[in-house]
Amino acid sequence: AVANCDEDSLTMGVEAATDCIKGIDRKTVDGLYFASTTPPYKEKQTASIMAVVLGLRKDVFTSDFAGSLRSGTNAIRAAVDSVRAGSARNVLVVVADCRLPAPDSAFETLFGDGAAAFLIGAYGVVVAVEEMFSTTSEFIDVWRTDNDPYPRTWEDRFVLTHGYLEKTYDASLETINRQNLKPADIKKAVFSAPNLRAHLTLSKKLGFDYASQVQDPMFSVVGHTGAAHGPMILAAAVEGTGAGDRILFSNYGDGCDCFILKVTDQAEGIRNRRGIKKNLSSQMKLPNYGKYLHFRNMLEWEADRLPPSY
């Protein structure tokens, strides 16, 4: 799934946020955190633009999280801490990415664009946070500097074995053990992953039944959406669970953020959102690959004689 020619991480984030706070009094939102590895500006806060577009208060606290595929869950954890500390009633966390893969690379068939949004608060809770655990790891696997138009990576087996699988397995197991739970106690396991093979390997290593317990990572219908990948899978998992169900959510990137979440009886109150299912059912097909390259300005093109049509 790719963003249209007039879309980016900001506009996708606004779409997700608008759906998230549907029916919510916007005056009760005290903070807005925006997370992305592909913000539209290198030196300008995206969260402040989003706050104005969403009609939030002028004294809302805004902050951008960037630089890692774990930035989305970093923002979620910071929001949970703010609410628990009493410095905010509700914090809106928006995660969006629109990463550019190199043409004819393995990333081109893997990457997708997407966004997710969550309202973190202490009242009317739909999904309660029972446990949070994080690890930090200085590990060079996927990276991009200011001089790199496309993400770069080391050799796949090294990256997956000693990076993703090792770090995510250890952090996920520790999180489960902290709550004295077993894999059988988890209704849905939500993992971001570099690819489908790594996702399958981690799930089986942790003892989950892949068909019934592990949430579909959506590689075949959306792709890997960068920092938004884990949060989008989480949103899809919440749509398919009911009161009392527990969710394990693990997100990797220079370490790992893990959560044990419990769905409450308030979940029925958000069934009117577009969410993942309704957005997936509303698609526009691009006519050809050249149109995608044109959207991304990846080749030189003949000057248009007429205004562009979308």
Side-chain angles (χ1 to χ4, degrees), residues 1-20 32-42 44-47 49-54 64-69 71-72 75 92-118 142 144 148-151 192 194 217-236 253 273-301 304 307-310:
V2 297
N4 210 331
C5 58
D6 57 348
E7 295 179 311
D8 59 13
S9 58
L10 170 59
T11 63
M12 289 189 298
V14 168
E15 284 286 327
T18 301
D19 190 35
C20 177
L32 170 60
Y33 299 164
F34 176 71
S36 177
T37 67
T38 55
Y41 296 98
K42 289 187 176 180
K44 180 172 175 58
Q45 192 182 69
T46 306
I49 304 173
M50 189 173 292
V52 173
V53 175
L54 294 173
D64 283 2
F65 290 70
S68 170
L69 296 181
S71 60
L92 180 60
V93 177
V94 184
V95 193
D97 247 342
C98 186
R99 293 197 293 169
L100 189 65
D104 199 30
S105 68
F107 283 153
E108 189 174 40
T109 59
L110 177 67
F111 283 3
D113 303 331
F118 301 91
V142 179
R144 179 169 56 88
D148 294 323
Y150 313 117
S192 66
M218 301 189 292
F219 286 118
S220 63
V221 292
V222 177
H224 193 298
T225 55
H229 189 225
M232 289 178 70
I233 303 171
L234 175 60
R273 302 297 197 276
R274 284 184 60 82
I276 297 296
K277 290 181 180 179
K278 292 181 181 179
N279 273 302
L280 283 179
S281 66
S282 175
Q283 301 178 359
M284 182 181 74
K285 301 289 185 181
L286 290 181
N288 51 58
Y289 178 66
K291 182 66 71 173
Y292 161 77
L293 294 176
H294 206 162
F295 284 178
R296 294 293 185 268
N297 293 317
M298 297 171 73
L299 294 173
E300 290 189 10
W301 301 88
D304 289 326
S309 59
Y310 302 136

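Sequence positions, counted from 1, serve as the residue numbers for this chain.
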Worksheet entry | Donor + acceptor pair across side chains of Ser9, Asp97 (<3.5 Å) | no

Practice prompt. For Asp148 and Arg99, run salt bridge (Lys or Arg N to Asp or Glu O under 4.0 Å): C-alpha distance rounded to whole Å, both residues' side-chain angles, the deciding distance at 0.1 Å, then the answer.
Written response: CA-CA 12 Å; Asp148 294 323; Arg99 293 197 293 169; over 6 Å; no

Discussion item. Any heavy-atom pair between the side chains of Val222 and Leu280 that's under 4.5 Å?
Written reply: yes

Worksheet item: Any ion pair linking Asp64 and Lys42 (charged N to carboxylate O, less than 4.0 Å)?
Response: no

Worksheet item: Do Tyr292 and Val2 have side chains that get closer than 4.5 Å, going by heavy atoms?
Response: yes

Practice prompt. Report yes or no: does Arg144 contribute a side-chain atom to a donor-acceptor pair with the main-chain N or O of Thr37 at less than 3.5 Å?
Written response: yes

Worksheet entry | Neighbour count >12 (heavy atoms, 6.0 Å) for atom CG, Asn288 | yes

Practice prompt. Check for a donor-acceptor pair, side chain of Thr18 on one end and backbone N or O of Val14 on the other, with a separation under 3.5 Å.
Written response: yes

Discussion item. Is it the case that the ring center of Phe34 lies less than 6.0 angstrom away from the ring center of Phe65?
Written reply: no

Worksheet item: Within a reach of under 6.0 Å around OH of Tyr289, are more than 12 heavy atoms found that belong to other residues, nucleotides or ligands?
Response: yes

Worksheet item: Are any of the side-chain heavy atoms of Tyr150 and Ser105 separated by less than 4.5 Å?
Response: no

Discussion item. Is the distance from the ring center of His229 to that of Phe219 below 6.0 Å?
Written reply: yes

Item to complete: Check whether any side-chain heavy atom of Tyr33 lies under 4.5 Å from a side-chain heavy atom of Leu92, and answer yes or no.
Response: no

Worksheet item: Is there a donor-acceptor contact under 3.5 Å from the side chain of Arg273 to the main chain of Cys20?
Response: yes

Worksheet item: Of the options Pro40, Pro39, Ser36, which is the one that meets Leu10 in a side chain to side chain contact (heavy atoms under 4.5 Å, CB included)?
Response: Pro40

Worksheet item: Which value, rounded to the nearest 0.5 Å, describes the distance between Ser281 atom OG and Ile276 atom CD1?
Response: 11.0 Å

Worksheet item: Does Glu15 CD have over 12 foreign heavy atoms under 6.0 Å away?
Response: no

